[in-house]
Amino acid sequence: MPKKSLLFVASEVFPFAKSGGLADVAYALPKALTKDYEVNVVMPLYSFVDREKYNIKNMHQALHVTMNTIMYEVELHGCEYNGIEYYFIYSPVLCDREFLYGTPEAGYEDNALRFAIFNRAVVELLKDGKYAIAHLNDWQSALVPLYLEEHKEIAVKTVYTIHNLAYQGVFEKDVLQSIEIDEKYFHIDALEFYGKVNFMKAGIAFADLVTTVSPTYAKEIMTEKFGCGLEGFLRLHSKKIVGVVNGIDTEYFSPSTDKALYYPYTNISNKGRNKNEYLKEVSLRGQKKPLFIFIGRFTWQKGMDTLVESLEEIASLSCNVSILGDGEMKYHTALERIASKYKNINLKFGYDESLSHRMYAAADFLLMPSVFEPCGLNQMIAMHYGTTPVVHKVGGLSDTVEVIQRCSEKKSKGCGIVFKNLNKQTLLKSVKNAIELYNNKTKHTQIIKHNMKCDFSWFKSAKVYDKLYKRVLHG
Ligand code: ADP
């Protein structure tokens, strides 16, 4: 039987453009699906994407996007990368920007128009009928199922994945005209959200199936605490909402072949050599002390308030702390102020893929005190690199990290220090527990070995997606 065709639509895809986990997923999941599907991936061709490096070429196929009588210039570009054919949508309004969505403080004012152009261009791509399924992701491609309501002749099924409910794409009502969406969709069961337009609601309302990135998060988002105002709407659609835990690309994140590392490794002693080199690289001293790392966006979601609040006391313990990230200025300032007082804290602002790999390899513990975490990739990458996670029991962290006491031979979950009720006291206590564990070499080695053997690849989740696609195709 010929393979079904699938178009995977995302606003960021590694290695072309990445601001977070979505880019990793949009790279790795399509690759894992190629066994059963003919997959193409499409994303915007932001001006900072390196066209030369990836041999991205103009396909000279114009896509016609006209909204509110304005005709937008839209080009289709393409390249092949690691066995997948990628498409890129180029339109000056969408792409000629310094950032993907805006600064950490605020999104671009014309984001509704920018991503409506992207979504309309995707609908143009779907018109030739090649694709059986369009897999859409987050608010930036959530309008596709709605635009398809107006194109019933296109026989495509849609799966919509929520990677983070906190970013819904909410805009003033008056954008409707410029993005050519009929007022008939402006009601509570579709786009309307407290008098505004909510792109994510379009994805939830009109896609054939909705997934989110872990089973626990799928349940959490239907509660007031985690639902970001959409809990009622999600409950209404609960029959078509499924949680599928993400994986990591274990070919790319592989301690035994990772080119960013000083010493690729498969055993713990070589991991120690990476720690030595890393400490030198960032001028930290004390190879015998445990090294804690934090990698991620500096936002409330990632537990930055608790981290900042606890950092001085953590630094007063016998350990080193290395932090890599970028985000809100208030966190930059607070971290800088604390780090200036402690020699055992190293700070690096910005996005640095290669450095992050050396950190995962060097560290003893990863701190992940997220307030909420749809899935989280850091903890899986860390465990795969033999770094023990210290996590708040929430969302995908709950589904991927088991408490040490229950660290079994089962390879489906890793184990680490897991705490409930995020606050300064629980985080500090967990860090102290981690240091105690570090001093119990036999036990810690056992945990590291277990985690490094766990299967965090996309293999299992790709099988679940395959089943879900079949469900939408065949009912
Ligand atoms: P998010 O909520 O940001 O999507 P995830 O845990 O799903 O978080 O994915 C984060 C991904 O981005 C991981 O691959 C992590 O290593 C990477 N990452 C985050 N911040 C940085 C940074 N400053 N430098 C390098 N990699 C980073």
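Position 1 is the first residue of the sequence; numbering continues from there. Ligands are counted one by one from 1 in listed order, and the atoms in each one are counted from 1 as well. Note that this is a predicted model, so its numbers are computed, not measured.
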Filter the ligand 1-protein atom pairs down to N or O on both sides and distance under 3.5 Å, then list them.
residue: ligand 1; atom: 2 (O); partner: Arg297; partner atom: NH2; Å: 2.8
residue: ligand 1; atom: 2 (O); partner: Lys302; partner atom: NZ; Å: 2.8
residue: ligand 1; atom: 3 (O); partner: Arg297; partner atom: NE; Å: 2.8
residue: ligand 1; atom: 4 (O); partner: Gly21; partner atom: N; Å: 2.5
residue: ligand 1; atom: 6 (O); partner: Leu377; partner atom: N; Å: 2.8
residue: ligand 1; atom: 6 (O); partner: Asn378; partner atom: OD1; Å: 3.1
residue: ligand 1; atom: 8 (O); partner: Lys302; partner atom: NZ; Å: 3.1
residue: ligand 1; atom: 9 (O); partner: Gly21; partner atom: N; Å: 3.3
residue: ligand 1; atom: 14 (O); partner: Lys18; partner atom: NZ; Å: 3.2
residue: ligand 1; atom: 14 (O); partner: Asp24; partner atom: OD2; Å: 2.7
residue: ligand 1; atom: 16 (O); partner: Tyr360; partner atom: OH; Å: 2.7
residue: ligand 1; atom: 23 (N); partner: Gly350; partner atom: O; Å: 2.9
residue: ligand 1; atom: 24 (N); partner: Asp352; partner atom: N; Å: 3.1

For this session: Could you tell me whether Asp249 and Lys31 have a side-chain N and a carboxylate O separated by less than 4.0 Å?
Result: yes
Exercise. Can a salt bridge be assigned to the pair Arg97 and Asp110 using a cut-off of 4.0 Å between side-chain N and carboxylate O?
Worked result: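 Result for this pair is yes, salt bridge flagged.
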Problem set entry | Test ring pair (Phe, Tyr, Trp, His ring centres under 6.0 Å) applied to Phe16 and Tyr46, Tyr86, Tyr87, the passing residue | Tyr86
Exercise. What residues, two or more places apart in sequence or in another chain, satisfy side-chain hydrogen bond (donor to acceptor under 3.5 Å, both in side chains) together with Tyr351?
Worked result: Lys18, Glu353
For this session: Quick one: list whatever passes side-chain hydrogen bond (donor to acceptor under 3.5 Å, both in side chains) with Thr34, sequence neighbours left out.
Result: none
Problem set entry | ring-ring contact (aromatic ring centres under 6.0 Å, His included): pairs with one or both residues in residues 255-285, sequence neighbours excluded |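 Sorted result for residues 255-285: empty, none.
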